[in-house]
Amino acid sequence: MRKPFVAGNWKMHKTASEAIALVDELQPKLADLTSVEIVFCVPFTALCPVANRLKASPIGLGAQNVHWENQGAFTGEISAAMILEFGQYVIIGHSERRTYFCETDETVNKRMQAALNAGLHVIVCVGETLEENEKSQTEEVITRQMRIAFNDIDLSLLKDVVIAYEPVWAIGTGLACDAQKANEIIKYTIRKPIIEMYGEEAVRDMRVLYGGSVKGSNAKEYFVQPDIDGALVGGAALKPEFIEIVRAAA
Ligand code: PGA
């Protein structure tokens, strides 16, 4: 059995003090939902204060990006070791990074290598744009994203990876992907390449999330699907509604 996994992607929201206030609001109500692995992916500046707040909590903490070099002259970048002082997770390859910050499949792979080798757990995002979807390129695009993201990633590191299927057209739009359709895409374009690259056994333990306009009201539709193990939540992760989503996963 794969443990359900719900991560909040806070994006560029919340100053350090606002982040503490949100954690203090959510944490007590999430405390008894231990059957779900819960992770807050906060802005870099909130990692230290939120880590202090979560010291005695099973809730995990993560960042939203990581550079592939260990250190050096890379102005503005953050290394895996810097994140690891405070958190255990990092989101890699989110569509907003791909769209606005020139992230490519190759840089996703480099970040995956660096993060996993340093000991971070990775939430790697894949998904097609509206245009690709309309041109029926979903399978081709996601299969390519998957193959390159996992290039040269050792089987022994897969236990530290969670994959998120996030159709770009569903992110922040309120137009969530139909749950059965999302399950089908996860099965045939995410789990299948994992089987091809690593074998049947690897896919059995691999957790795959759905992300894109997940709400308290629709979360359950995803969680009852056999190939979906949880959600990557954006907008609703900043509200008490996040508790409803975790409850649906529990
Ligand atoms: P959303 O964002 O839940 O606001 O659609 C999801 C994400 O970007 O991970």
Side-chain angles (χ1 to χ4, degrees), residues 4-14 18-19 22 26 30 36-44 46 50 59-66 83 87 89-103 108 111-112 115 120-130 132-133 138 141-142 145-146 149 161-179 181-183 185-186 190 207-223 225 228-249:
F5 188 106
V6 178
N9 174 10
W10 291 16
K11 310 195 179 185
M12 197 173 74
H13 293 286
K14 305 293 174 188
E18 288 166 352
L22 180 58
L26 298 179
L30 295 170
V36 182
E37 191 169 345
I38 306 165
V39 179
F40 296 152
C41 294
V42 305
F44 291 130
V50 170
I59 297 174
L61 178 61
Q64 302 165 15
N65 189 26
V66 62
I83 296 168
Y89 278 91
V90 65
I91 298 173
I92 293 179
H94 189 280
S95 73
E96 285 149 20
R97 301 285 331 162
R98 294 179 192 255
T99 306
Y100 306 131
F101 303 99
C102 309
E103 189 86 52
V108 167
R111 290 176 212 273
M112 292 260 293
L120 276 171
H121 295 243
V122 167
I123 302 168
V124 59
C125 302
V126 295
E128 83 286 6
T129 63
L130 181 61
E132 288 159 349
N133 184 287
T138 300
V141 167
I142 299 175
Q145 291 173 338
M146 285 292 299
V161 180
V162 174
I163 305 169
Y165 168 52
E166 297 208 308
V168 181
W169 48 270
I171 296 175
T173 58
L175 300 169
C177 180
D178 173 76
K181 182 79 196 157
N183 187 76
I185 290 169
I186 287 170
I190 293 180
R207 287 179 294 184
V208 185
L209 318 178
Y210 167 75
S213 299
V214 175
K215 307 264 171 252
S217 55
N218 66 9
K220 194 141 207 174
E221 292 168 32
Y222 298 98
F223 302 155
Q225 301 296 327
I228 302 180
D229 305 303
L232 181 55
V233 184
L238 300 166
K239 304 182 217 163
E241 190 179 352
F242 186 70
I243 300 155
E244 263 178 76
I245 296 171
V246 176
R247 258 197 217 118

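In each ligand, atom 1 is the first atom listed, and ligand 1 is the first ligand listed. Residue numbers run from 1 in the order of the sequence given. No hydrogens, no waters, no symmetry mates; every other heavy atom, side chains included, goes into these values.
The nearest protein atom to atom 9 (O) of ligand 1, hydrogens excluded, is given as Glu166 OE2, 2.7 Å; this is a heavy-atom distance. Atom 4 (O) of ligand 1 has its closest protein heavy atom at Gly235 N, 2.8 Å. Nearest protein heavy-atom neighbour of atom 3 (O) of ligand 1: Gly234 N, 2.8 Å.
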| said: Would Tyr222 and Tyr165 count as a ring-ring contact (aromatic ring centres under 6.0 Å, His included) here? Give the steps. | reply: CA-CA 12 Å; Tyr222 298 98; Tyr165 168 52; 9.8 Å; no
| field | Glu132 vs Thr129, side-chain hydrogen bond (donor to acceptor under 3.5 Å, both in side chains): CA-CA, chis, key distance, verdict | value | CA-CA 5 Å; Glu132 288 159 349; Thr129 63; 3.3 Å; yes
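Closest approach of Asn65 and Ile83 over heavy atoms only: O-CD1, 3.5 Å. Between Ala176 and Ala170, the shortest heavy-atom distance links the atoms CA-CB, 4.3 Å.
Heavy atoms of Gly172 come nearer than 4.0 angstrom to ligand 1 in at least one pair. Residue contacts with ligand 1 include Ser213, since one or more of its heavy atoms lies under 4.0 Å from the ligand.
Using a 4.0 Å cut-off to heavy atoms of His94, the atoms of ligand 1 that qualify are 7 (C), 8 (O), 9 (O). Those atoms of ligand 1 with a heavy atom of Gly212 less than 4.0 angstrom away are 5 (O).
In Asn9, the part holding a heavy atom less than 4.0 Å from any atom of ligand 1 is the side chain.
Taking the charged nitrogens against the carboxylate oxygens, Lys215 and Glu241 have no contact shorter than 4.0 Å, which rules out a salt bridge.
Residue Thr173 places no N or O, backbone or side chain, under 3.5 Å from any N or O of ligand 1.
Remark: of the listed residues Val233, Val36, Ile59, Val36 is the sole one forming a side-chain contact (heavy atoms from CB on, under 4.5 Å) with Val246.
Side-chain N/O atoms of Glu221 and Tyr210 include no donor and acceptor closer than 3.5 Å.
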